[in-house]
Number of protein chains: 2
Amino acid sequence: MNCILLPKSDMTLPDAQINDAAQITHINNVLKLQVGDTLKIGQLGGNLGTAVISSMSSDSIKLSGVQLDIAAPPKLDVTVVLALPRPKVLRRLIMDMTVLGVRDIVLINSYRTQKSYWQSPMLARLEAFVLEGLQQGVDTVAPQIQLRKRFKPFVEDELLSLMKPDAIVAHPYSEMSLTQYSQQNAISQASTAKAVLPSVVFIGSEGGWIDYEIELLAAQGCQAVHMGSRILRTEAAVNVLLGHWLLHQ
Amino acid sequence: MNCILLPKSDMTLPDAQINDAAQITHINNVLKLQVGDTLKIGQLGGNLGTAVISSMSSDSIKLSGVQLDIAAPPKLDVTVVLALPRPKVLRRLIMDMTVLGVRDIVLINSYRTQKSYWQSPMLARLEAFVLEGLQQGVDTVAPQIQLRKRFKPFVEDELLSLMKPDAIVAHPYSEMSLTQYSQQNAISQASTAKAVLPSVVFIGSEGGWIDYEIELLAAQGCQAVHMGSRILRTEAAVNVLLGHWLLHQ
């Protein structure tokens, strides 16, 4: 946790109270803070700032002098459509996308998504993974997450309204590279290029997309791009792909 | 596994034999291949190519018609110096760095590395993690991994000889951004910029580097860079940072 996020309901400015067990443990055992120390905090959905610890007990920490004067960093203006991954990696993927500042996430079914993944209890914990990501990434604004259990209706009926105007799908066996795509869409700025983030990015999970899925996407104008001959794990692909734009903001 | 890698000793061209249990399970249960099917293979340290399955038993798969005519992809010409992370994430970090094609890896002690990490049995399994990474990333050439249990002697006595000529350290609290650093070092190419990979990249683990470590590195000419206000997990930082150059190769 690089900041402690609190819901507005736990704040009565300039005071606030921490009731969450994980946050209290972190303050005690990792940050090793005491009464009088200053803490980096944020209001969920609001600003970032600092507070001073005024009292500590085993089940709550009271804060005073709360100052919330730093705006949350801008979101990546993108919808990531992610093939629902194994439950084990779902937490890290949601965390990483949150850390990177993705604005919208759609978890979608794909041919290679196992049906059992949709029954995973991890799907009930998305909000907790987002909170972890916000506190790691020092942000306060949660991404919007939607679930879509059917691929074809999403692509045919919903995708077009999200494309403003473009979409890409990460696919190691495509002919165009991400670099070529970025250069096509680059806005020249002196000797450097500022990449334009497509409004929608599809990322597969283990085993990627099948040809039928790539064809359905192509029919809607979604461009398949590869990232070189190296085939990345889903988590690595998410970070390489989205990090590419993070570094070009 | 996006290819099956075999040691030279298991090949008698144009035949070869798979004895590894994990590879046999993958061919049976994930790829679902049968006698007569073609398989993507590679020779450890050598070329990539294909082979045909000529017979299958529970403990070995025989291959014929082995063709190894595709060169392994180029390595990223970089030494990544990684603060030894929690054993739990070590496997994924070694895998990811291997997938991204890092040529040299140094696992180093840092102030925030817990002493117990150096006793982890995971450190004896680095070769297996590298093999996983090579088979994921479709590469045959393993990165060289070295362990350094003392930070200061490495920085003062060994670092300079690895810098050809530059080094960076990922540090969220530095003044220079990675983008600024890349632009300073960019080779102009029409309207786009080709980033130059520093020869050495230091990446911290949980909690990052302390000021003393950053100062020791700076004294040797190693530039601290941040990647924006967002603070990434170690795995995400590795992929964002190194993926940045992967996409600019």
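Note on naming: letters A, B, ... go to the chains in the order of the sequence lines (proteins, then strands), and numbering restarts at 1 for each one.
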(message) Between B:Arg92 and A:Arg92, is there a side-chain heavy-atom distance shorter than 4.5 Å?
(response) yes
(request) Answer with side chain, backbone, both or neither: which region of B:Leu178 has an atom nearer than 4.5 Å to a non-hydrogen atom of chain A? (result) side chain
(request) Hey, could you give me the CG/CE distance between B:Leu232 and A:Met95, rounded to the nearest 0.5 Å? (result) 10.5 Å
(request) Decide if atom CZ of B:Arg112 counts as having more than 12 heavy atoms of other residues, nucleotides or ligands within a radius under 6.0 Å. (result) yes
(request) Give me the one residue out of B:Asn2, B:Thr98, B:Asp139 that meets side chain to side chain donor-acceptor pair (under 3.5 Å) with A:Arg230. (result) B:Asp139
(request) Evaluate whether atom CD of A:Gln180 has more than 12 neighbouring non-hydrogen atoms of other residues, nucleotides or ligands under 6.0 angstrom away. (result) yes
(message) Out of B:Gly101, B:Gly207, B:Gly133, return the one with the most heavy atom pairs under 4.5 angstrom to chain A.
(response) B:Gly101
(message) Quick check on the interface: out of A:Pro172, A:Pro73, A:Gly228, who has the most heavy-atom pairs with chain B under 4.5 Å?
(response) A:Pro73
(request) Could you tell me whether the side chain of B:Glu235 reaches within less than 4.5 Å of the side chain of A:Arg233, counting heavy atoms only? (result) yes
(message) With side chain to side chain contact (heavy atoms under 4.5 Å, CB included) as the test, pick out the partner of A:Asn239 among B:Leu241, B:Val240, B:Leu242.
(response) B:Val240
(request) Under 4.5 Å heavy-atom distance to chain A, tell me which part of B:Leu100 shows up: side chain, backbone, both or neither. (result) both
(message) Using a 4.5 angstrom heavy-atom cutoff, name the option from B:Val138, B:Val238, B:Asp96 with the most pairs to chain A.
(response) B:Asp96
